[in-house]
Amino acid sequence: MTNSHPNGVEISFYTAVADISKLEWQGVFSDQNPFTSYEYLNALEQSLCVTKDTGWLPKHIVVKQAGVIVAIAPCYEKSHSWGEYVFDWAWAEAYERNDLSYYPKLVLAVPFTPVTGERIGFNCSQSSLNKAEIIAAVSKFLHKTLGQGYYSSWHCLFLPKADYLSLAQDNISRLGTQFHWHNHNYQHFDDFLQQLVSRKRKNIIKERKALARHNLGFEFIDGDKATAAQWQGFIACYQQTYLKRSGHGGYLSAAFFHQIAATMGSTVKLLLVTKASTAATNQQEKLIAAALYFATDTHLYGRYWGCLQAIDGLHFETCYYQGIEYAIANGLMVFDAGAQGEHKVARGFVPIETYSNHNLAHQGFSRAIEDYCQQEQLHIKQYMQQLDESSPYK
């Protein structure tokens, strides 16, 4: 499907990242976000984590002007709502109760990755239009697509506030919240602790001391420098923890992890947690937990973790405190440790807003869901205010 617009703009769906050159992709996504990189999204497809069979059929939106790609929006045809982290299950159930089909729908997002970043990458040097005009053209294209009757809706998830406000003019706006840690030019972990109220500071010190008795080692390794055995150890931790929590081995395959290890280099950080043992003969036997991080010049992202031995406080240390220490040591300003988790507030994370836009073809449901999102937004803001009032900082 291709639609022509004024100013020589053409918009169409592409069925694979690999149908676009890496150079063209890099020309529109230049904000350093690792999850909209060619390497990351291509790995999801080539490892078969993202396919029609997994409910994520690629339908990437490509905008051309005078035959040149000026914008790209990673987009997927979804047959379910798993792996999105902006929850619309209740909307789907309401459709079902009224004998209507909510699936398939279109989702502009990074699969399995609730991280804010550009959802419509734009190359201003190649277009006579500005980004707001491109966003408006993409929105119009999606409206026309819904008008054909196959898709119930489209959804744009975890986008920057400016883009969210542009889309809000003609679409439903939805507010969410996450918890991020911010580096205020700390030189050491103790500098961060000193900014906390006494009770919270003592709790963190107590948690870390209790874990220290287990004589654990923590090591960050660049993804391309980790050995095959170390990666396999992480994968075993990831799969076992997902199996316990969700009854399946996780959304991501070993092939995906090995591909990003080979293609994304030092952006990928593997944190290995080992326990000293004279009986151990290799790294695999000593490994008890692992976590996967991604780093840019300014941000640290904590994504996946798992353990082979349950120890009190190990999750907090591996997924929060080690990340904070890494961010401080490397001068990174923001640490995003993943979705949800109100318990992060006591550990120095603060609530931040997240944004999504939605459009539903059914006018009755569209009005009802817009009303719901407006009420939800009030609750989200009250919730964030309450968390701010109970901040662990002095």
Side-chain angles (χ1 to χ4, degrees), residues 179-223 225-227 229-231 233-238 240-241 244-245 269-295 300-332 334-338 341-350 391-394:
F179 304 93
H180 294 180
W181 179 88
H182 295 92
N183 185 356
H184 298 289
N185 297 313
Y186 303 127
Q187 300 302 305
H188 304 282
F189 192 86
D190 282 346
D191 296 341
F192 153 63
L193 288 180
Q194 290 305 313
Q195 299 304 309
L196 304 180
V197 297
S198 176
R199 183 167 58 88
K200 301 298 185 183
R201 180 171 65 251
K202 288 178 180 178
N203 283 343
I204 292 175
I205 292 170
K206 182 179 178 181
E207 282 181 346
R208 302 195 84 187
K209 280 186 176 179
L211 191 66
R213 294 197 293 267
H214 294 277
N215 194 25
L216 304 179
F218 296 85
E219 182 183 9
F220 277 96
I221 301 175
D222 289 349
K225 292 184 173 63
T227 66
Q230 288 169 331
W231 269 106
F234 161 76
I235 292 165
C237 292
Y238 164 79
Q240 180 164 310
T241 298
K244 287 181 179 178
R245 185 175 64 191
K269 308 293 180 182
L270 198 59
L271 175 61
L272 302 178
V273 185
T274 55
K275 186 173 178 64
S277 170
T278 56
T281 58
N282 56 47
Q283 186 75 7
Q284 178 68 28
E285 290 180 2
K286 294 169 63 179
L287 187 73
I288 64 164
L292 187 66
Y293 288 80
F294 293 78
L300 181 67
Y301 302 94
R303 298 305 308 129
Y304 302 102
W305 103 290
C307 65
L308 304 176
Q309 179 182 339
I311 299 176
D312 286 345
L314 182 57
H315 173 259
F316 295 146
E317 181 66 36
T318 306
C319 298
Y320 303 155
Y321 303 142
Q322 288 293 317
I324 290 172
E325 287 201 338
Y326 184 94
I328 292 172
N330 291 275
L332 306 183
V334 179
F335 174 27
D336 172 356
E342 183 178 304
H343 55 274
K344 293 177 183 150
V345 173
R347 294 166 177 85
F349 292 75
V350 298
S391 169
Y393 290 93
K394 294 176 182 176

With sequence neighbours excluded, residues passing salt bridge (charged side-chain N to carboxylate O under 4.0 Å, His left out) with Asp222: Lys225, Lys269

Can you label the angle between the Tyr393 ring and the His184 ring as parallel, tilted or perpendicular, going by 30° and 60°? perpendicular

Do the side chains of His182 and Val350 get nearer than 4.5 Å, heavy atoms only? yes

Could you tell me which non-hydrogen atom of Ala346 sits nearest to which non-hydrogen atom of Ile204, and how far apart they are? O-CD1, 4.1 Å

The reported gap from CD in Gln194 to CG in Leu196 (rounded to nearest 0.5 angstrom) is 8.5 Å

Which pairs pass side chain to side chain donor-acceptor pair (under 3.5 Å) with one or both residues in residues 195-214, sequence neighbours excluded? Glu207-Tyr321, Glu207-Arg347, Arg208-Glu317, Arg208-Glu325

Measuring only between side-chain heavy atoms, which start at C-beta, is Pro392 closer than 4.5 Å to Val345? yes

Please lay out, stage by stage, how Tyr320 and Phe349 fare under the test ring-ring contact (aromatic ring centres under 6.0 Å, His included). CA-CA 9 Å; Tyr320 303 155; Phe349 292 75; 5.5 Å; yes

Can you check whether Trp181's main-chain N or O pairs, donor with acceptor, with Lys344's side chain at less than 3.5 Å? no

With sequence neighbours left out, write down each residue that passes side chain to side chain contact (heavy atoms under 4.5 Å, CB included) with Thr227, or none if nothing qualifies. Ala229, Gln230

Applying side chain to side chain contact (heavy atoms under 4.5 Å, CB included), run through Phe335 and Ile328 and close with a yes or a no. CA-CA 10 Å; Phe335 174 27; Ile328 292 172; over 6 Å; no

Which residues pass the ring pair (Phe, Tyr, Trp, His ring centres under 6.0 Å) test with Phe189, sequence neighbours left out? Phe192

Between Leu300 and Val334, is any pair of side-chain heavy atoms under 4.5 Å apart? no

So, using side chain to side chain contact (heavy atoms under 4.5 Å, CB included) as the criterion, who are the partners of Ala291 when residues are at least two apart? Leu271, Tyr293, Trp305, Thr318

Among all residues two or more places apart in sequence or in another chain, which pass the ring pair (Phe, Tyr, Trp, His ring centres under 6.0 Å) test with Phe179? none

Working to the nearest 0.5 Å, report the span between CG of Leu308 and CD1 of Ile288. 8.5 Å

Would you compute the distance between atom CZ of Phe316 and atom CG of Leu314 and round it to the nearest 0.5 angstrom? 11.0 Å

Within the structure provided, determine whether Leu193 and Tyr186 are in side-chain contact (heavy-atom separation under 4.5 Å). no

If you take all heavy atoms of Cys237 and Leu287, which pair is closest and at what distance? SG-CD2, 4.0 Å

Here the gap from Phe220 atom CZ to Gln322 atom CD, rounded to the nearest 0.5 Å, amounts to 6.0 Å

